[in-house]
Asker: 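Here you go, one structure.
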Amino acid sequence: MASGKKNLNSLRKRIEDLLNIERSHMCWELGDFQAPIFIKEPGGTPAKPYMLVCIDTASLAIMGNDLLPDSPSPQDLLTLLVVSIEKPFLGISAAVLPESVHLDDPAALELVGNELGQLDVKVVLVKRLSALSEFEKIIQRDLFSRHVGYSAGVN
């Protein structure tokens, strides 16, 4: 069995475990952007990583994040979402189930919608992830600009 299929089956089991958690009224955005810095793995070539973020639209609280060397797949986004539901970054010890999740990637929408259908979470395709865009501006200004290799979004 391929590694991707194994991971998806594992995610499905974890999603089933979330069936009985209490639903919140939160709306989350789930997306990614290419970070304006370069990273270099030992023996590798410098490259801009992708930052995956799950963010609450009302508070701009980061529910979860990840950094990947390559463009994320829909399954990478689903994995981040499941992890964010199970253990949000809010300092809350219990799982949090959002009422809705907004995405701007049709392929991710299909996968996330299919897999979260049993949890009755509304999964919505939007043109622009405004909370994620605001977060990206903030971290470019306040975080990435302080790191060696910062390129101000220029290749």
Asker: Test your reading of the model: is there a side-chain donor-acceptor pair from Thr57 to the backbone of Cys27, 3.5 Å cut-off?
Answerer: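 Yes, Thr57 side chain to Cys27 backbone: donor-acceptor pair under 3.5 Å.
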Asker: Measure from the side-chain N and O atoms of Glu22 to the backbone N and O of Val96, and report whether any donor-acceptor pair falls under 3.5 Å.
Answerer: no
Asker: Looking only at heavy atoms, what is the nearest atom pair of Thr45 and Lys40, with distance?
Answerer: C-CG, 4.3 Å
Asker: Does Glu110 have more than 12 heavy atoms from other residues, nucleotides or ligands lying within 6.0 Å of its CD?
Answerer: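 12 or below, so no.
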Asker: List the residues meeting salt bridge (charged side-chain N to carboxylate O under 4.0 Å, His left out) with Glu99, not counting sequence neighbours, and say none if there are none.
Answerer: Lys122
Asker: Checking side-chain polar atoms at under 3.5 Å, does Ser59 have a donor or acceptor matched by the opposite partner on Asp56?
Answerer: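 Side chains of Ser59 and Asp56: pair found under 3.5 Å.
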Asker: Give the intermediate values and the outcome of side chain to side chain contact (heavy atoms under 4.5 Å, CB included) for residues Leu8 and Glu115.
Answerer: CA-CA 9 Å; Leu8 188 55; Glu115 298 303 326; 4.2 Å; yes
Asker: If hydrophobic clusters are built by linking Ile, Leu, Val, Met, Phe, Trp and Tyr wherever their side-chain heavy atoms come under 4.5 Å apart, do Val123 and Leu18 end up in the same one?
Answerer: yes
Asker: Would Phe135 and Ile62 satisfy side chain to side chain contact (heavy atoms under 4.5 Å, CB included), going step by step from the backbone distance to the final call?
Answerer: CA-CA 9 Å; Phe135 171 73; Ile62 304 304; 3.4 Å; yes
Asker: Name all residues meeting the side-chain hydrogen bond (donor to acceptor under 3.5 Å, both in side chains) criterion together with Asp76; count only those two or more places apart in sequence or in a different chain, and write none if there are none.
Answerer: Ser73
Asker: Step by step, would you call Glu29 with Ser130 a side chain to side chain contact (heavy atoms under 4.5 Å, CB included)?
Answerer: CA-CA 9 Å; Glu29 288 184 356; Ser130 53; 3.8 Å; yes
Asker: Count I, L, V, M, F, W, Y as connected when their side-chain heavy atoms are under 4.5 Å apart, and connections chain through other members. Are Leu119 and Leu81 then in the same cluster?
Answerer: yes
Asker: Could you check whether any side-chain heavy atom of Asp104 comes within less than 4.5 Å of a side-chain heavy atom of Lys127, counting everything from C-beta outward?
Answerer: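 No, too far: nothing below the 4.5 Å cut-off.
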Asker: Please report the closest heavy-atom contact between Leu77 and Ala108, naming both atoms and the distance.
Answerer: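 Looks like CD1-CB, 3.7 Å.
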Asker: Can His102 and Leu30 be said to form a side chain to side chain contact (heavy atoms under 4.5 Å, CB included), step by step?
Answerer: CA-CA 6 Å; His102 292 179; Leu30 179 63; over 6 Å; no
Asker: For a quick test of reading the model, state the closest non-hydrogen atom pair linking Ile21 to Ile85 and the distance between them.
Answerer: CD1-CG2, 3.8 Å
Asker: Looking at Ile55 and Ala131, what are the two nearest heavy atoms and their distance?
Answerer: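 Residues Ile55 and Ala131, closest heavy atoms: CD1-O, 3.8 Å.
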Asker: Please report the closest heavy-atom contact between Leu11 and Thr79, naming both atoms and the distance.
Answerer: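 The answer is CD1-OG1, 3.3 Å.
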